[in-house]
Each structure stands twice: as C-alpha cells, then as structure tokens.
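The structure under discussion appears below in the form of structure tokens.
Chain identifiers are assigned alphabetically (A, B, ...) following the order of the sequence lines, protein sequences preceding nucleic acid strands; residue numbering begins at 1 within each chain.
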Amino acid sequence: MNKLETALRDLSEMDRLNSIDSPVHRMSPLAKFLITIAYIAVTVSFDKYQLSNMLVMILYPAFMFSLSGIPVRTCFYKLRIVLPLVMAVGLFNPFLDRVPVMRIGSFVVTAGMISMVTLMLKGVFSLTASFLLVATTPMDCICAALRKLHVPSMLVTLLLLTYRYAGVLTEEASVMTDAYLLRAPGQKGVHISAWGSFLGQLLLRSMDRADDLYASMKLRGFSGEFAYAKDVKLSASDTVLMVLCIGAFILFRLVNIAGLLGSLFV
Amino acid sequence: MLEFRNVSFSYEKERPVISDLSFKIEEGETVGLIGANGAGKSTVMKLFLGLLMPDSGSILVDGKELTKEVLSDVRKALGFVLQDSDDQMFMPTVIDDMMFAPLNYGMSREEAEAKADEVLEKLGLTELKNRYNHRISGGEKRMAAIATILAMEPKVILMDEPTAALDPYNRRMVINTIKELPQTKVITSHDLDMIMDTCSRVILLSKGRVAADGPAEEILKDKDLLEANRMELPLRYYM
C-alpha cells in the first residue's frame, strides 16, 4: 500500500467518525461551529504567561471526547503531522526569555518555558477542537452552517468540492504512483526528475475533471448558489448549550479558575 | 423532439468534427448513437446540451431552437448521464446529489426529498439514500447517477457510455433500468450489445457525418457497414 492509499483510508475513517450516533453528533452543526470558533478565539487570546488560567480550557475537549465516543488516540493519530509543527512554535522561547519565575526543588522554571508550554497548549487545544468539529459533523453540514453565517458562496462551494474531490484526486495520484513504481523497480518513491511531468499530468486530469464537473452542475440548474440538501437550524436546546459553552469560555478567560481552586488548598 | 439541421462544428479551424449533420429524433424513441473514437458522438451530445454552440446550422430541442437565451429552459428538459459517475456525483451523499437539481429549479426541500425518495424506490435504491458518494461501488454509483437525473423529471435523457467499466451484473441492471425509462433517450456507446438491447434505432456516425441511420436490428447486423466504419458486430452475432 503506498502512502496515498493510506491517506485515502484516513479520509474514509473521518466518514466513519461522522456516522457515529452520539449527543455531540446530533447537535446542530451551526451551534458546534460557533462554539468551536468561540473556543479557539478564547484559547488563543490568553497571554503567553497565563498557563494556569488556560489549563481549564482542557475541559471542553475532554467533555466533547467523552460525549462523542471518539477516542482521544484517534484524534492525536490524525493530527500526527500537524501537531509537531504547532508544538515547534514556541520551541526557542526558553532560550530567548530566561527570567526565572519559580523554582521546583533545584529546577528553575523560566518565563520562556512557561510561554513555550502555553503556546504549545494553545495549538493543541485549537487543533483538537477543530478535529472534534470535523469528526462529529459531515462536511456538507459544516458548509451549510457557513452559508447560514453568510460566508461567500464561492468559498463554501470550493471547500465542499475540495473535500469531495480530495479523495478522487488522491486515488488518481495513487494509481499514477503505482504505474510509475511498477516500471521503476527499486525506487522508493517518484524520482525528482519525474515530478514535473507527474504533477503536470495530475493537473491536466484535474482540469478535465473540473470541466466535466462544472458541465454537470450547469446542466442541473446551477447558477452560482449551492442548494444544500440539509437545512441547519438552531433548536432551543442547541441555543442554550451554545450560550452556556460560550459563557463558560468567557468565564474561564476572565477568572483564573485553576488559581482559585489551588488557593482553596493552600 | 430533438433535431439537428445542417449542423457543423469544429474545435479548430480547417478540422471540422461535425459536418453538415442532420437527423431528427421523435418523442419516446430510444436512439443509439454509435461510431468509432473521434466520430463525433461526444460532440453531438455536447451540442444538444448547449455546452457547445454550432458554427452553422441549428439544433431544436422540444420545438425550441437552441440559443443562449433559451438554454436554461432547454437544459431543464434534458438529463445527461456522464460516463464517469464521479464527475456527476459531486455532492457528499446520494440524497444531496438527487436534491441538487430539484432545489435549483425551485422545488422546496420537502418536495425535492419526496421526489428523490420516489425515484430511489422506483429504482430499488432506497438503501443508497444517505450513503456517501465516495463510499459506494461503481455499479451503485452509476445507478445513483441515473437516479439524480430522473429526479429532475427530464423529457429527454442523454447517456454517455452508461455501461462502461461495469461488471456483468451491474451492466445488466443498468440495461434493465434504461429499458424501463419512458422518456426519449439518446445513448452513445461502444457496447453494441447494450445498444441492441435498449435502442430501437441507431445512428452511425463517421467523421462527423451520418454513415447510417435506421432500425438497430438492421444496422447492427450489417458486418460490412460496421467494419467500414471501424466497428465490429455485437458479440451475440459471433456465437
């Protein structure tokens, strides 16, 4: 199995996660989308030294994981390529900011270390929240929610079609890779000298497909506005849940819950 | 119902793909459009659909001359099943795809879903309703592609190689479905056995012209005619 086939299996796995039946999956896509946006906005707004304040934000993904039945391991496995990049963001902070802030035994904790961990957690929390949204909501529902929020139709259509055709294009690339490797024994991948023609072929195939696809859309009455089969509506319970979640995020942002809890024991 | 009147078309000057082509298809007919590669079959389909406009001559669909002004009305009457179902099934699920055209043509969600349900039931595909398009098999995808077109309630159905790349079981299923459709149908294919099974009339194209036009039984048994136009007898006549 080549790497592209593995990527295809990963895409199918997301569909399987989408099809689980849980309270989180049944929530309105619009509510989930707005909660996720609010969560990410609040998470990234913490100051780089507010590590203890921010720790409480872990409650949201923890709550969502337990309710949705999606294994935490699956999330981190899916994010295995992006996570190291996100974690690398604050990697140099300990060397640049060496002001000591506390001591654990003989170990001196510097401001740079705190800011590095804060930045890493911001990235991990944001990615986890995004993953939970995508894993519990089919892409067409997310797109319908985006349209409800008046995101331009062209962008949403592009997102929807990219998602739909990522698999088809990957499949074509996978077949091309197999055809190449069958005639290039001993090579571990497509040699750099063939990249140009390989990508060129893929581009031409994509253009042909795009032409046919657009023709198919036009022939079925498409006039620029995508008609989504699913309508996204906010029920009263979704609205209450959304208000509670966003309210809790704001509370976590304004009040150091972890500090307060700590002070009860000190 | 459909008519080509002295239509000529070329993609490049000096190299006409369709030359002075004329034929007429009556309401309710099922016509097989056959010919070797490059004979002009796909171009004829695209001209019918208004995806290409003729250099000269005129095309009539349901009594209306095909012009840019009437294009959307004409397209509403035509359903086109593409050769590659992946190009046709662009929405995430089968039901999304089936509701795409009805919603675009102003049906309410409830009406569009009821229409989709009716078509799925008629074709025996109800279990596909909420399936993801990229998770269904090639045969199911082809049947679903036909279903998306039927949900539009077209007067004419155009099909480009409807049985290409299907296993025998799915091929037979598609053939049986085509036979039961009451609409006017134009089918292009190299699968002459399928054409024999589904079409009462055949138009044989060669270099953008009509090489023969007549009953399927007659044309598809004419070995010399077929071979002169780079084709072969249907397999059943070799037995």
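Only the side chain of A:L161 has a heavy atom closer than 4.5 Å to any heavy atom of chain B. With a threshold of 4.5 angstrom between heavy atoms, B:L71 does not approach chain A through any atom at all. The parts of A:R209 that come within reach of chain B are both its backbone and its side chain, each placing non-hydrogen atoms under 4.5 angstrom from that chain. Interface remark: A:Y165 contributes side-chain atoms only to the contact with chain B (heavy atom separation under 4.5 Å). For A:D211, no part lies near chain B; criterion is any non-hydrogen pair under 4.5 Å. In this structure, chain A has a heavy atom under 4.5 Å from the side chain of B:Y105, while its backbone stays farther away.
Between B:R75 and A:K218, the closest side-chain pair of non-hydrogen atoms falls below 4.5 Å. Inter-residue side-chain proximity for A:L160 and B:P92 is flagged as met; some heavy-atom pair is nearer than 4.5 Å. In this structure, B:Y132 and A:P138 have side chains that are in contact, with non-hydrogen atoms separated by less than 4.5 Å.
Enclosure of atom OH in B:Y11 by more than 12 non-hydrogen atoms of other residues, nucleotides or ligands within 6.0 angstrom is indicated. Residue A:I58 qualifies as open at atom CD1: its count of foreign heavy atoms under 6.0 Å is 12 or below. Counted within 6.0 Å of NZ on B:K129, heavy atoms from surrounding residues, nucleotides or ligands total more than 12; the atom is thus considered enclosed.
Note on ring orientation: taking the six-membered ring where Trp is involved, the planes of B:F100 and A:F222 are parallel (angle under 30°, cut-offs 30° and 60°).
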Criterion side chain to side chain contact (heavy atoms under 4.5 Å, CB included) on B:F90 and A:S216, from CA distance to verdict: CA-CA 9 Å; B:F90 47 80; A:S216 168; 3.6 Å; yes
Please step through side chain to side chain contact (heavy atoms under 4.5 Å, CB included) for the pair B:M89 and A:R164, ending with a clear verdict. CA-CA 9 Å; B:M89 310 288 289; A:R164 166 74 180 91; 4.2 Å; yes
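Residues B:R135 and A:R16 come closest through the heavy atom pair NH1-N, 4.4 Å. Residues B:D87 and A:L213 approach most closely at O-CD1, 3.3 Å, considering heavy atoms.
When atom types are taken as modelled, the side chain of A:R220 and the backbone of B:G79 share no donor-acceptor pair closer than 3.5 angstrom. No donor-acceptor distance shorter than 3.5 angstrom exists from the side chain of A:D140 to the backbone of B:T93, with no hydrogens or angles considered.
Interface check for chain A: of the options B:D86, B:L78, B:D84, the most heavy-atom pairs under 4.5 Å are formed by B:D86.
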Side-chain donor/acceptor pairs under 3.5 Å, residues 49-69 of chain B, sequence neighbours excluded:
residue: B:D55; atom: OD2; partner: B:S10; partner atom: N; Å: 2.9
residue: B:D55; atom: OD2; partner: B:S10; partner atom: OG; Å: 3.2
residue: B:D62; atom: OD2; partner: B:K155; partner atom: NZ; Å: 2.8
residue: B:T67; atom: OG1; partner: B:E69; partner atom: OE1; Å: 3.4

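Of residues 21-36 of chain B, no residue lies under 4.5 Å from chain A by any heavy-atom pair.
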